[in-house]
J.: 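This structure is in structure tokens; I'll ask about it shortly.
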Amino acid sequence: MLLDFAVTTASGTALPWLSISILFPIAAALAIPFIPDAGDGKTIRWYALGVALITFLVTVAAYLDGYDPSVEGLQLIERVEWLPDLGLAWSVGADGLSMPLILLTSFITALAVLAAWPVTFKPRLFFFLILAMDGGQIAVFAVQDMLLFFLAWELELLPVYLLLAIWGAKKRQYAATKFILYTAGGSVFILLAALAMGFQGGGAPSFEYTVLAAKNFGSGFQLLAYAGLLIAFGVKLPIVPLHTWLPDAHGEATAPVHMLLAGILLKMGGYALLRFNVQLLPEAHAQLAPLLVVLGVVNIIYAALTSFAQRNLKRKIAYSSISHMGFVLIGIGSFSALGTSGAMLQMVSHGLIGASLFFLVGATYDRTHTLQLDEMGGVGQKMRKMFALWTICSLASLALPGMSGFVSELMVFVGFATSEAYTLSFRIVMSVLAAIGVILTPIYLLSMLREIFFGKENPDLAGHTHLVDAEPREIYIISCLLVPIVGIGLYPRLVTDSYRASIEALVAREDLAFNKVIGPTPTGLIRKGLGATALLPPAMLRAPALA
Amino acid sequence: MSSAAELAWLIPVLPLAGAALVGLGLISFNRTINRLRKPVALLLISLVGASAVISFVILGQQLAGAPATEVLFNWASTGDFNLQMGYRVDALGAVMLALVTTIALLVMVYSDGYMAHDKSYVRFFTYLALFSSSMLGLVLSPNLLEIYVFWELVGMCSYLLVGFWYDREGAANAAQKAFIVNRVGDFGLLLGILGLFWATGSFGFEEIGARLGEGLASGTITHAAAVILCLLVFMGPMAKSAQFPLHVWLPDAMEGPTPISALIHAATMVAAGVFLVARLQPIYLQFPDVQTVIAVVGTITCFLGATIALTQQDLKKGLAYSTVSQLGYMVLAMGCGAPIAGMFHLVTHAFFKAMLFLGSGSVIHAMEEVVGHEPVLAQDMRLMGGLRKHMPITAITFLIGCVAISGIPPLAGFWSKDEILGVAFASFPLLWVVGFLTAGMTAFYMFRLYFLTFEGTFRGNDYAMRQQLLAAAGKGGVSMEGDEDHGHHASHPHESGWQMASPLVVLAVPSVLIGLLGTPWNSRFAALLDPREAAEAAEHFSWGEFLPLAGASVAISLTGITVAVLAYALHRLDLATLVAARFPAVNAFLAHKWYLDDLNERLFVRGTRKLARQVLEVDAKVVDGVVNLTGLLTLGSGEGLKYFETGRAQFYALIVFGGVIALVVLFSAFG
């Protein structure tokens, strides 16, 4: 087995950027109780915004200073021995899978702090939790040790739980409990898999990704670990039918927490699937990938239909998130560089679009005081800017060209449709079903816009609420999100080039495992061999380039 | 300047830059920008004007025989895989560029008058510029993928513009319907593009055609698969160019402001489908069965549109169904393997239909002075009549349009429609019969529109009729009280101002003359698009073949016009008793638009809603039910999840966290 982590040194960087980006927000959060504040949270929120911005700048500095997009292996490595007996070390680093998501995390968190401006209930605790989450989430993406990963994964549960349970809406206790039971239940599998993988093969245990990747797990073991991890990460992503915590959690959360849930938390699932299931257990992945594709298609259609029927705005958008995550699953299971790259891009893209939509839901709720679509209508008369922002973000979400969602979904589609790992009939059926999502998405999103904004003003609503238009802060937040959304849409290589090398290496590893496990001969309805030229689609017989 | 083609990228970018600038301004400094009406309009009009200048220079160079130019760059790439974007300038594109910029420019000038009293004047112009930009981008696209990008963008602009008056329920529904029906077509288009890419490794038009041919010859792709892919791609044009059965969105889209109906839903965007089929000719020509399907779909559409147009009372809806019908002719031409004939009809139709729509806008604008801003009243021909006396320019240009579309020589429509009927006669005689009959119906319904609107006596002050119309639309009474309150409505309509009248006059010129560029014995148009074929056609031209067919076309058009004159001008024929009363089933069938909207509503709209509700029920009761049940069972407590709500859940995460630490210590002790 190839050891495909090319070890680089951290000597090129001026500072241990990644460790700073993890520890600084947490340390700064711990200082919050000592900040003088009149009790209205005005000082605290400026402080939190400053910390979040500095963290963002630190991650940007890490990218600019120590990250070379053309290198496929791990970079920005920082390693300190922690518990040598256990082989546990503080080991962080970033490759193409981590770096975009680290930047996304610090970016969305900074905006979430700005979105949390109106929070006046227990502001100290609120901003403390948000900042702690910032560090925890960067850690999830940056750590290079499976036990550390597990700790970071668990650590991030607590703030979310509290943010839901304290600042949520009416059913907050139920939603928070459901969230923690679900996720914690799933993470038991991570722990089991981590321990099993760490101790497998005897010798001194080690949980470092590099060491695990070099191990030669048996195929039965791989399948078992893969299944366990799939459940754990499937809860997070979420994969239908493990998704029911999400509408409840999203339905109860406040806008900033929403942005974090949709923008970052869901991506942890996709990232972890790529990192562990694909990278560390490639042979099991070669066998079980069709399952991912099928689950992805189920996600897309099932959640889109559910979203259409939802009458509650927050839950509607929550289900739309689930639907969009289906493309990530198809991309991960596509066995093609283009498809996997599309899955990555879909995570970044949905992080931005999902965050913007959830922020708008919150901003609208602040004015209408209702989330029921039946109680809205004609809101566009008074809130014209809000209407414009909603329209732009909804169009982004329904994958309008010129915005990021289109590129990522297209990459997944093209990648999967031209994948050599599946038979033609399987690809046709799955592509056609996934493309039904192309019809369903505008149905629920445009119906939603129509019910909120179009038509005559709803007299009940207009009479009892003060519908003021979007304020500059809100426009600013959405603009910040729209810049990368449109930027990626116009020129996707802005982002894809930053992880291209890593994804190509990952897919090469997948292909090796595929040839080992499935073999070069076709085996049944779904799979067909790689490298058997006679079976290649005609396109692959020529150089696949345009015009 | 060596070649204007090098500057072609500016053509879509200029209006886009203007739209982006004004759009940002609208979001950031709403009030200020909204007050800057004329400067904004002037800026956007001059940007589109600049695009028009470049387009005409390019067209001139193409006429002088400049070669096709293509410029590409890598847009997205992974592995050895490159998706390229760029632009392509050739004769077909140059014709479309000139057409789109001309009509866009005229419509913008017209809109200055039409939208003068609208509070969203600036937003309207921004959308117009955005649309022009997307449409021009579509025309310049060098490959299927980029076409798809702009295809969606024009669809979005159409959505925004149809729903422009978003306080109207009808506009909201129509905008949504337009977008979703188009997405159904895009579903096929996307799958078709993916499939063709799988089969040929290319998104380029000629390349796909060539490689598909090779693949068929070498047996790497079966004939059936190729046919399916071609038909899937054709679903895109079917939706965008309103072909049966995906035409249902176009008549509803008339809820948008009338300049939009002229620009998007008559001249440019709906023609994009036909344009795409023309671009795809290298592929389609290899499959006669696909060509047959295209021709049949075109013919059905052409017949359907004309029959429904016969009974419409709404002026704009009548024109909309006429557009559907004419688009059917263009698609029929494509199916007959005569893209030049189809494109020629596209060009002539764009001019006279844009003029007709703008004319109807002028009428509606004038009617609003009398009956108020209520589309149910302002667009209904039962309240019009006699408008020629009040608005002569509009009436004359409208009449020119009617003659042009009816196919009376030497006006534009005659040459292009006759060419299509000619090729249909040669390839599908049966379809020619239908197309031929439709030509008669076209002449009839167009002159019916003209007479009902412009001749006779003015019926706008018939209050009983107004009430009746409002009641039929379910808006009984509301607007009448408003009328009495305001009381400042004029008693008769007035001719529109110069901004609205001048585009009508300008458009009348090509409506009369442009057909002469495409005479069958010396077609300059064909010479531009395909010099070899044009020379061949000119050589084989014989009056003996041309005259009988052309004579028949003119004869049936004249018949149609005569019937219209007898029925609506001279009142010698009472069609209501002669036809409608005798064949009530036919009449109802046509009045209900072939029952396609009802079918759509019952089957798809309600079907999807029901399915979605059921899925949601399953989600809430079954999937979530299992979860809650599991929660209950594992906790082993009668109180279930409530037990945790008492505060212990907070400890749960701590327990897990502590457990990990304990395990770590444990293992380190024994390891």
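Letters A, B, ... are given to chains in the order of the sequence lines, protein chains preceding strands, and every chain is numbered from 1.
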J.: Which atoms of B:S218 are under 4.5 Å from chain A, going by heavy atoms: the side chain, the backbone, both sets, or neither?
T.: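 Nothing of B:S218, per the 4.5 Å heavy-atom cut-off to chain A.
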
J.: So do the side chains of A:E451 and A:R311 get within less than 4.5 Å of each other, counting heavy atoms only?
T.: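 Heavy-atom side-chain distance check passes, below 4.5 Å.
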
J.: Within the side chain of A:R427, is there an N or O that forms a donor-acceptor pair under 3.5 Å with the backbone of A:A417?
T.: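 Here the side-chain-to-backbone pair exists.
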
J.: Given that the side chain runs from C-beta out, which part of A:V432 has a heavy atom under 4.5 Å from chain B: side chain, backbone, both or neither?
T.: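 Answer is both: backbone and side chain atoms of A:V432 are under 4.5 Å from chain B.
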
J.: Check whether A:T391 gets within reach of chain B through its side chain, its backbone, both or neither, counting any heavy atom under 4.5 Å.
T.: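 Contact with chain B is through the side chain of A:T391 alone.
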
J.: Heavy-atom distances under 4.5 Å only: say whether A:Q310 touches chain B with side chain, backbone, both or neither.
T.: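 Both parts, heavy atoms under 4.5 Å.
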
J.: Using a cut-off of under 4.5 Å on heavy-atom pairs, state which of B:M156, B:R123, B:R613 scores highest against chain A.
T.: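 Ranked by contacts with chain A, first place is B:M156.
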
J.: Would you please classify the geometry between the A:F387 ring and the A:F453 ring as parallel, tilted or perpendicular, with 30° and 60° separating the classes?
T.: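 Ring orientation, 0 to 90° scale: parallel.
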
J.: Sequence neighbours excluded, which residues qualify as ring pair (Phe, Tyr, Trp, His ring centres under 6.0 Å) partners of A:F179?
T.: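 Only A:W245 meet the ring pair (Phe, Tyr, Trp, His ring centres under 6.0 Å) criterion with A:F179.
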
J.: So for A:I475, is it side chain, backbone, both, or neither that comes closer than 4.5 Å to the heavy atoms of chain B?
T.: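 Only the side chain of A:I475 comes within 4.5 Å of chain B.
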
J.: Tell me, side chain or backbone of A:L242 under 4.5 Å from chain B's heavy atoms, or both, or neither?
T.: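 Neither part.
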
J.: Once rounded to the nearest 0.5 Å, what's the spacing between atom CD1 of B:I180 and atom CZ of B:F187?
T.: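 Nearest 0.5 Å value for the CD1-CZ distance: 15.0 Å.
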
J.: Centre-to-centre under 6.0 Å for A:F207 and A:F150, is that the case here?
T.: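 Ring-ring flag for A:F207/A:F150: false, centres at least 6.0 Å apart.
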
J.: Find the one option among B:I27, B:D186, B:L160, B:I208 whose heavy-atom pairs under 4.5 Å with chain A are most numerous.
T.: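 The candidate making the most pairs under 4.5 Å is B:I27.
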
J.: Taking every heavy-atom pair that is under 4.5 Å apart, which of A:G377, A:G380, A:G378 has the most such pairs with chain B?
T.: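 Counting heavy-atom pairs under 4.5 Å, the top option is A:G380.
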
J.: Where does A:Y444 contact chain B at under 4.5 Å (heavy atoms): side chain, backbone, both or neither?
T.: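 Contact with chain B: none, neither part.
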
J.: Which one wins on heavy-atom pair count under 4.5 Å against chain B: A:K456, A:E457, A:R450?
T.: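 Highest number of heavy-atom pairs under 4.5 Å: A:R450.
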
J.: With a 4.5 angstrom heavy-atom cut-off, could you sort out which part of B:Y159 is near chain A: side chain, backbone, both or neither?
T.: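 The side chain, not the backbone.
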
J.: Can you tell me which residue pairs pass the salt bridge (charged side-chain N to carboxylate O under 4.0 Å, His left out) test with a partner in residues 191-203 of chain B, sequence neighbours excluded?
T.: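 Sorted pair list comes back empty.
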
J.: Contact part of A:F406 toward chain B, heavy-atom cut-off under 4.5 Å: side chain, backbone, both or neither?
T.: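 When you check distances to chain B, only side chain atoms of A:F406 fall under 4.5 Å.
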
J.: Identify which of B:R609, B:R168, B:Q176 forms the greatest number of heavy-atom pairs closer than 4.5 Å to chain A.
T.: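 Of the candidates given, the most pairs with chain A belong to B:Q176.
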
J.: I need the A:E409 CD to B:L190 CG distance, nearest 0.5 Å.
T.: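 Those atoms lie 9.5 Å apart.
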
J.: Just give me the residue among A:V507, A:D469, A:L490 that pairs up with chain B most often, heavy atom to heavy atom, under 4.5 Å.
T.: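 Of the options given, most contacts go to A:L490.
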
J.: Output yes when a side-chain donor or acceptor of A:S307 lies under 3.5 Å from a complementary backbone atom of A:A303, and no otherwise.
T.: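 Answer holds: no.
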
J.: Any side-chain heavy-atom pair from A:L398 and B:R183 closer than 4.5 angstrom?
T.: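 Touching, per the 4.5 Å side-chain cut-off.
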
J.: With a 4.5 Å cut-off on heavy-atom pairs, point out which of A:Y491, A:F413, A:Y302 contacts chain B the most.
T.: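 Most heavy-atom pairs under 4.5 Å with chain B: A:Y302.
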
J.: Need one label for A:I443: side chain, backbone, both or neither, based on atoms under 4.5 Å from any heavy atom in chain B.
T.: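 When you check distances to chain B, atoms from both the backbone and side chain of A:I443 fall under 4.5 Å.
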
J.: Take B:I147 and B:F203 through the side-chain contact (heavy atoms from CB on, under 4.5 Å) test and state the conclusion after the steps.
T.: CA-CA 10 Å; B:I147 287 243; B:F203 291 115; over 6 Å; no

J.: Name the region of A:I436, side chain, backbone, both or neither, that has any atom closer than 4.5 Å to a heavy atom of chain B.
T.: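 Its backbone and side chain both get close to chain B.
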
